[in-house]
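Below is one structure, written out as structure tokens; comments come after it.
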Amino acid sequence: QVQLVESGGGLVQAGGSLRLSCAASGRTFSRYTMGWFRQAPGKEREFVAAISWSGGSTNYADSVKGRFTVSGDNAKNTVWLQMNSLKPEDTAAYYCAARLGLRPHSTPDEYTLWGQGTQVTVSS
């Protein structure tokens with residue numbers, strides 16, 4: 001069974017940091033791109049960051065560049081999203097997603113596998 005399981009969400013004060021993890025299982029992900037998306041209440045799901053598992057190409061939303069870093073470990077089938085200098089507007093449910101292919105696309109429809117999400121709340 002293919003699974004993406006996120007963890008690491010929580011409540012943090014503005015300016016703080018969190019690291020989200022996404023553990024992938026059930027298949028070989030070496031030819032996949034892994035993405036992070038987020039969705040706040042009443043808003044559409046939006047792209048945050050992505051990394052191609054093979055080659056390490058990355059892509060970031062402008063709103064998180066310089067604050068968030070996406071990384072992955074092939075051997076552990078795990079992807080991380082390090083989030084620094086968090087702002088209240090970063091508050092959302094964060095989702096890990098996977099797509100077959102090596103280009104770190106930013107469109108949610110490009111991704112076929114999704115985790116259940118983890119909540120990040122940033123207080124002011």
Side-chain angles (χ1 to χ4, degrees):
Q1 181 180 1
V2 178
Q3 271 193 316
L4 302 178
V5 179
E6 303 96 333
S7 61
L11 173 64
V12 64
Q13 288 188 333
S17 298
L18 281 175
R19 189 174 82 154
L20 305 183
S21 298
C22 173
S25 62
R27 67 174 56 170
T28 301
F29 286 89
S30 60
R31 296 191 61 79
Y32 278 71
T33 291
M34 306 299 291
W36 286 98
F37 294 81
R38 66 187 181 187
Q39 188 167 20
K43 295 187 177 181
E44 293 186 352
R45 190 166 296 190
E46 66 172 356
F47 171 73
V48 176
I51 183 170
S52 67
W53 212 291
S54 176
S57 297
T58 57
N59 187 16
Y60 294 93
D62 288 343
S63 59
V64 306
K65 280 181 182 177
R67 300 189 298 122
F68 291 10
T69 302
V70 61
S71 60
D73 186 325
N74 286 345
K76 297 181 179 179
N77 263 9
T78 300
V79 176
W80 297 276
L81 183 68
Q82 177 66 44
M83 305 186 295
N84 299 329
S85 302
L86 282 161
K87 305 174 181 179
E89 50 264 43
D90 294 318
T91 295
Y94 282 70
Y95 297 89
C96 176
R99 64 173 296 274
L100 182 62
L102 300 180
R103 297 188 68 180
H105 286 288
S106 61
T107 306
D109 289 347
E110 294 280 348
Y111 291 78
T112 56
L113 301 172
W114 291 85
Q116 82 290 348
T118 186
Q119 179 67 35
V120 171
T121 303
V122 184
S123 63
S124 56

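Linking Ile, Leu, Val, Met, Phe, Trp and Tyr whenever their side-chain heavy atoms come within less than 4.5 Å leaves Val120 and Phe47 in two separate clusters. No continuous path of hydrophobic side-chain contacts links Phe37 to Tyr94 [ILVMFWY only; heavy atoms under 4.5 Å].
Every residue was checked against the salt bridge (charged side-chain N to carboxylate O under 4.0 Å, His left out) condition with Lys76, not counting sequence neighbours, and none meets it.
Using cut-offs of 30° and 60° for the angle between ring planes, the Trp114 and Tyr95 rings count as perpendicular.
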inquiry  = Walk me through whether Leu81 and Arg38 qualify under side-chain contact (heavy atoms from CB on, under 4.5 Å).
reply    = CA-CA 12 Å; Leu81 183 68; Arg38 66 187 181 187; over 6 Å; no
task = Could you check Leu86 against Phe68 for side-chain contact (heavy atoms from CB on, under 4.5 Å), going step by step and ending with a plain yes or no?
result = CA-CA 9 Å; Leu86 282 161; Phe68 291 10; 3.8 Å; yes
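Remark: side-chain polar atoms of Tyr111 are paired, donor with acceptor, to backbone N or O of His105 under 3.5 angstrom. Side-chain N or O atoms of Thr91 include one that pairs as donor or acceptor with a backbone N or O of Val122 at under 3.5 Å. Using modelled atom types, one side-chain atom of Glu6 and one backbone atom of Gln116 make a donor-acceptor pair closer than 3.5 Å.
Taking each heavy atom of Ser106 and Asn59 in turn, the nearest pair found is CB-ND2, 4.0 Å. Nearest heavy-atom pair, Ala50 versus Pro104, reported as atom, atom and distance to 0.1 Å: CB-CB, 3.7 Å. Among all heavy-atom pairs drawn from Gly72 and Trp80, the shortest one is C-CZ3, 3.8 Å. Heavy-atom minimum distance, Leu4 versus Cys22: CB-SG, 4.1 Å.
For the pair Cys96 and Met34, the minimum side-chain heavy-atom distance is below 4.5 Å. Between Phe29 and Leu113, some side-chain heavy-atom pair lies under the 4.5 Å cut-off.
Atom CD of Gln3 sits about 12.5 Å away from atom CG of Asn77, to the nearest 0.5 Å. To the nearest 0.5 angstrom, Arg45 atom CZ is 10.5 Å from Asp109 atom CG.
Residues in residues 23-36 take part in these side chain to side chain donor-acceptor pair (under 3.5 Å) pairs, two or more places apart or across chains: Arg27-Tyr32.
With respect to Asp62 and Lys65, a salt bridge is recorded, a charged nitrogen being found less than 4.0 Å from a carboxylate O.
For the side-chain contact (heavy atoms from CB on, under 4.5 Å) criterion with Thr118, the lone passing option out of Leu18, Leu20, Val5 is Leu20. A side-chain contact (heavy atoms from CB on, under 4.5 Å) with Ser17 holds for exactly one of Met83, Gln82, Arg67; it is Gln82.
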